[in-house]
Amino acid sequence: MQNRFQATMRRLGLGVAAAAILVSAAAHAADDKLVIVTSFPTDLTDVFKTAFMAKHPSIAVEVLNKSTSSGVKYLIETAQNNQSDIFWASAPDAFEVLKGESLLAKYSREVDGIPSDLNGYPINDPDGRYLGFALSGYGMMWNTRYMDAYSLPVPQEWSDLEKPVYHGHVGISAPSRSGTTHLTIETILQGEGWQDGWQTILAMGGNAKTITERSFGVPDGVNSGSFGIGVVIDFFGFSSKASGFPVDFRYPSVTALVPANIGVVANAPNEAPAQKFVDFLLSPDGQQLLFDAKIMRLPVNKNAYDNAPEGLPNPFDGSIKTEVNFDSDLSEKRYNVVNSLFDVMITYRLDDLRAATQAVQQAEAKLEQSGAANAEAAALIDEARALISALPVSEAEALDPDFNAIFKTKRKSKDVKVEGRQAEIEQEWDTKVIRNYSLAVELANKAAGML
């Protein structure tokens, strides 16, 4: 049991010390308090907290805002003396980890209008350990005024963001800092395959103006016009538009729709209020709150769309075309490797990646402008592009549980110290990446010099 517990902890980059903590008996249940651990912003939680307390004035709601992985870590570390009642977040793999460690209580709720699945993906955990309350997809939002000012076309697909016209105009967060960004990156990898997916991700990264500190930094940057296009989860785009910002949002074809979830924590000290909150969230009144301009999430209840704001898509009428049936088990198995690889190749080498990308783009432009065939220059450009997208780890390695378990520390910033085997591997990756990006610039410049 302990070995499996430690392996699960490592999948989310959690500390070894925390893995030694075992679940104990719950405190005596209460009826006048509710403690919610969530990764959702206060713009969402305040709306539900206020409405729930108006309906249940005797229950005082306390919200602990933590990132998804930090929330999981917190629940595990405090399990001996649990004071939390609800875990509320988007990432399905986080709930699977908590479920696997018996940290979620069984609670199911039958509600008219909520189907069992969407495109084959279950809306609720089949074992009743967590429930879906909203649906989320992944795509691009853009600032319409910014796009007009720079004469930029509206992107349709992820591959569009690889084009030179978008160089320096894209914002994205790192998956190690954002559970929703991790889901976006994983969706691209599942939709396009390991090698092609990373090629797309690296090409988009090469056009990035910034890698934001948190996921909400992307919509903030688009809203303010700091950059034109952001890679986001859908509700960021919908809520910004509903709040009056000059923005719009689009799902590319390579996307997925998965539930955002809520679960009652095992041994919750306030189990009855926790269940009341879940019931409220899934009720018609609770589902309608998802249409608040600051939230704008897609309800799981089909009946709610009768009163949906104009322009908000309905995932149950086929208007959202998705090519990816998201595999949360696959995502969990390579969670840490994907995050570390993104950080090594993009987050902490953004300047090098951007320079290599721009050098290749400029060489390609010169080749096209020359109007003449130059096989040698074209070959050099192809070689440079291949160097940029060369991966230091294969998909098979990324899925190896022993290899994935090496990556225990999440590199939230350059100052985070990584030690042991993880440090050795990441240093090996970094050395290869620096060399490849530098050589790509050299080859691209050489090709440009021939034209």
Side-chain angles (χ1 to χ4, degrees), residues 1-24 26-27 35-41 45 62-105 129-130 173-183 186 213-216 260-269 274 328 331-340 342-343 347 401 404-413 415-420 422-423:
M1 168 69 178
Q2 185 152 342
N3 289 339
R4 185 167 65 87
F5 191 22
Q6 291 171 340
T8 303
M9 294 280 286
R10 293 187 189 109
R11 283 200 293 273
L12 285 186
L14 305 175
V16 174
I21 299 174
L22 300 177
V23 179
S24 67
V35 178
I36 300 173
V37 178
T38 181
S39 61
F40 294 129
T45 57
E62 179 184 353
V63 176
L64 302 181
N65 188 268
K66 298 178 180 293
S67 69
T68 302
S69 55
S70 296
V72 172
K73 180 179 179 181
Y74 174 78
L75 290 177
I76 293 172
E77 288 181 338
T78 59
Q80 271 189 320
N81 184 30
N82 178 45
Q83 299 299 311
S84 305
D85 304 304
I86 279 178
F87 183 63
W88 196 16
S90 287
D93 39 13
F95 284 86
E96 282 296 305
V97 169
L98 291 174
K99 173 186 170 181
E101 298 310 323
S102 301
L103 291 178
L104 293 175
R129 299 293 173 172
Y130 56 90
S173 183
S176 60
R177 302 171 182 174
S178 162
T180 55
T181 304
H182 177 88
L183 293 173
E186 184 62 47
E213 289 295 330
R214 292 288 299 273
S215 58
F216 55 75
N261 302 293
I262 189 166
V264 178
V265 179
N267 303 317
S328 55
S331 174
E332 183 190 349
K333 285 178 179 177
R334 60 192 187 191
Y335 187 95
N336 292 336
V337 172
V338 166
N339 289 350
S340 287
F342 187 100
D343 279 341
T347 308
N404 211 303
I406 291 170
F407 298 86
K408 306 170 187 175
T409 303
K410 293 192 300 179
R411 304 168 83 232
K412 289 286 189 181
S413 71
D415 299 330
V416 173
K417 237 183 175 164
V418 179
E419 299 177 342
Q422 179 179 351

Let me confirm one number: the [atom1]-[atom2] distance from [X] to [Y], rounded to the nearest 0.5 Å.
{"X": "Phe407", "Y": "Asn339", "atom1": "CZ", "atom2": "CG", "value": "11.0 Å"}
{"X": "Leu103", "Y": "Leu98", "atom1": "CG", "atom2": "CG", "value": "5.5 Å"}
{"X": "Lys66", "Y": "Thr38", "atom1": "NZ", "atom2": "OG1", "value": "11.5 Å"}
{"X": "Leu75", "Y": "Ile86", "atom1": "CG", "atom2": "CD1", "value": "11.5 Å"}
{"X": "Ser70", "Y": "Asn65", "atom1": "OG", "atom2": "CG", "value": "10.0 Å"}
{"X": "Gln83", "Y": "Asn267", "atom1": "CD", "atom2": "CG", "value": "11.5 Å"}

Do [X] side-chain atoms and [Y] backbone N/O form a donor-acceptor pair below 3.5 Å?
{"X": "Asp85", "Y": "Val35", "result": "yes"}
{"X": "Asn261", "Y": "Ala91", "result": "no"}
{"X": "Gln422", "Y": "Lys408", "result": "yes"}

Pairing donors with acceptors under 3.5 angstrom, does anything connect the side chains of [X] and [Y]?
{"X": "Ser176", "Y": "Asp343", "result": "yes"}
{"X": "Tyr335", "Y": "Glu186", "result": "no"}
{"X": "Ser331", "Y": "His182", "result": "yes"}

Original post:
Angle class for the Phe95/Phe87 ring planes (parallel below 30°, perpendicular above 60°, tilted otherwise)?
Top reply: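 Because their plane-to-plane angle lies in the 30° to 60° range, the rings of Phe95 and Phe87 count as tilted.
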
If every non-hydrogen atom of [X] is compared with every non-hydrogen atom of [Y], which pair is closest and at what distance?
{"X": "Ser84", "Y": "Tyr74", "answer": "OG-CE2, 3.4 Å"}
{"X": "Thr180", "Y": "Ser215", "answer": "OG1-CB, 3.7 Å"}
{"X": "Asp93", "Y": "Glu332", "answer": "CB-CB, 4.1 Å"}
{"X": "Ala268", "Y": "Asn82", "answer": "CA-ND2, 3.8 Å"}
{"X": "Val264", "Y": "Ala274", "answer": "CG1-CB, 4.0 Å"}

Side-chain heavy-atom pair [X], [Y] within 4.5 angstrom cut-off:
{"X": "Thr45", "Y": "Ile36", "answer": "no"}
{"X": "Phe40", "Y": "Ser90", "answer": "yes"}
{"X": "Val37", "Y": "Trp88", "answer": "no"}
{"X": "Pro175", "Y": "Leu183", "answer": "no"}

Subject >> Results of side-chain contact (heavy atoms from CB on, under 4.5 Å) for Ser173 - residues two or more places apart only >> reply: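 Per chain and number, Ser173 pairs via side-chain contact (heavy atoms from CB on, under 4.5 Å) with Arg177, Ser178, Thr181, Thr212, Val218.
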
